[in-house]
Amino acid sequence: MEKTIHFAVVPGIGYSHLIPILQFSKRLVELHKEFHVTCLIPSLGSPPSASKTFLETLPSSINCTFLPPVETKDLPQGITTEIQMQLTVTLSLPSLHQALKSLSLRTPLVALVVDSQAAEALKFAQEFNMLSYIFFPSAATTLSLHLYLPKLDKETSCEYRELPEPIKVPGCVPLHGRDLYTPAQDRSSQTYKLLLQRVKRFGCADGVLINSFLELETGPIRALTEEGSGNPPVYPVGPIIQTGTRSCDDAKGLDCLAWLDKQQPCSVLYVSFGSGGTLSQEQIVELALGLELSNHKFLWVVRAPSTSASAAYLSAQNNVDPSQFLPHGFLERITKEQGMVIPSWAPQIQILSHSSVGGFLSHCGWNSTLESVVKGMPLITWPLFAEQRMNAVLLSEGLKVGLRPRVNENGLVERVEVAEVIKCLMEGEEGGRLRKRMKELKEAATNALKENGSSIKTLSQLTLKWRNLALENN
Ligand code: UDP
């Protein structure tokens, strides 16, 4: 029997920093039966039920342990979501250290793979004689900006959003400063300083694994992996998306799939803002009336309004009552024929796989982006926070598989604009072109994961390295 090769993973905080690293682990143990994973999970309060449900689907070669949770009351008041996530990791470091110590006494560990938020934990790899990797759950474009940021920071004296020309990060679609990720929008903020600190740690890792693939982000991936670039080794291993989840166990999820069963092929627009994106009250009204005005069928995952777009990211909204914030009479009118709203959470993978769905109005979180690519679903790009605007630029200007609605001077997408962009995607010639290009990307994604595909080959290089090291250590 082959000897077990053991590695440890440390996810970041929040659903979309937990699932991809575990899904990566799952792919690895499925491809290479001798691998065994221990996942040490830092968390802020109690994890959301969607995360717990996912953990139940993992094979026995992946062991998950929650580190003692950090409580919200232990964090300073009024800090941003990013700082909450970062502090949670920092406060979990002593228990992580302890867990790694007792694990390494029981079994030799070949590698430590940490989510990019948990880069502080890389220092433990050396202590326990492991290789160290960052799992980067966002685009290669975002990683490129990360690694370019120290130089950009030195060369720029104003806020990036004030720069008259787009920023040219090597290999990437030019990005306007206003489209850079949220932490880079205010260079005097603590979030920006933390980001710069975190990025500097990337250079200490033995490699960075990215959830992307060569055919999707050819320019940035080539630039990142170019000899002499000075970057740590970069391994594109994507697309890694959720599979086999049981997120539609609940009645609401099953209802919306039953509703989709009754619709025409490619007729429904799916509308969702990720695991925790929220809109203002005013924007909810414009979106609702725009959806109605478009005359197209839709399935919308709604959340209660908030003035902060990431309000529900770390604290899931329960008991949402859409009648409290949707326009008067909207629910009665649309549920007769045109649409369905589902509060808080829907089985997204099953929805995007359904033949009735023909488009996705998305906040462009990287997981949703990859899920659209894998399912061949063209997009309306509606970014809210984090690096979503950069993903929207990649999708609409780079890959040309998404339409970006116009935002007015008050930051609102008006109802007429909503209706027009939906019509353009669902019935227009341009929509047809986007759909065709997305089908090509879908095929490229499938190929990247075939036996000789780009990402599977990259993964094999990595596992060979780990296997050799495990042999040397024996
Ligand atoms: N998701 C889901 N149902 C929902 C909303 C989100 O299953 O109602 C999943 C979605 O499939 C994706 C993840 O949550 O895998 C959201 O990740 P993403 O990176 O797109 O956005 P974030 O949550 O980080 O803003």
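Just follow the structure's listing: the first ligand is 1, and inside any ligand the first atom is 1.
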(request) State whether the side chain of Glu282 and the backbone N or O of Leu412 hold a donor-acceptor pair below 3.5 Å, judged by distance alone. (result) no

(message) Is the contact between Ser275 and ligand 1 made by the side chain, the backbone, both, or neither, using heavy atoms and a 4.0 Å cut-off?
(response) both

(message) A side-chain contact here means heavy atoms from C-beta on lying under 4.5 Å apart; do Phe325 and Val302 qualify?
(response) yes

(request) Would you check whether His363 reaches within less than 4.0 Å of ligand 1, judged by its heavy atoms? (result) yes

(message) Heavy-atom count check: over 12 atoms from other residues, nucleotides or ligands less than 6.0 Å from Arg161 CZ?
(response) yes

(request) Would you please indicate yes or no on a ring centroid separation below 6.0 angstrom for His146 and Tyr181? (result) yes

(request) Check each atom of ligand 1 against the heavy atoms of Trp366 and keep those under 4.0 Å away; list them by number with element. (result) 19 (O)

(request) May I ask you to list the atoms of ligand 1 that are less than 4.0 angstrom from any heavy atom of Tyr15? (result) 9 (C), 13 (C), 14 (O)

(request) Determine yes or no for a side-chain-to-main-chain donor-acceptor pair under 3.5 angstrom, with Arg303 supplying the side chain and Gly277 the backbone. (result) yes

(request) Could you establish whether Gly277 and ligand 1 come within less than 4.0 Å of each other, counting only heavy atoms on the residue side? (result) no

(request) Below 4.0 angstrom from a heavy atom of Ser368, which ligand 1 atoms are there? Numbered from 1 as shown, please. (result) 18 (P), 20 (O)

(request) Could you list which atoms of ligand 1 come closer than 4.0 Å to a heavy atom of Gly274? (result) 5 (C), 6 (C), 23 (O)

(request) Check whether any N or O atom of Arg303, backbone or side chain, sits under 3.5 Å from an N or O atom of ligand 1, and answer yes or no. (result) no

(request) Check for a donor-acceptor pair, side chain of Ser372 on one end and backbone N or O of Ser368 on the other, with a separation under 3.5 Å. (result) yes

(request) Provide the number and element of each atom of ligand 1 under 4.0 Å from a heavy atom of Glu371. (result) 10 (C), 11 (O), 12 (C), 15 (O)

(request) Have a look at Thr369, Ile349, Asn367 and point out the one with the heavy atom closest to atom 17 (O) of ligand 1. (result) Asn367

(message) Are Trp300 and Phe273 an aromatic pair, judged by ring center distance below 6.0 Å?
(response) no

(request) With heavy atoms only and a cut-off of under 4.0 Å, state how Trp345 meets ligand 1: side chain, backbone, both or neither. (result) both

(request) Please work out which of the three classes, parallel, tilted or perpendicular, describes the rings of Trp345 and Tyr15, given edges at 30° and 60°. (result) perpendicular

(message) Side chain or backbone, does Ser16 bring an N or O within less than 3.5 Å of an N or O on ligand 1?
(response) yes

(message) With heavy-atom distances below 4.0 Å as the criterion, list the atoms of ligand 1 near Gln388.
(response) 25 (O)

(message) Does atom CD (Gln190) have a neighbourhood of more than 12 heavy atoms from anything else shown, all under 6.0 Å?
(response) no

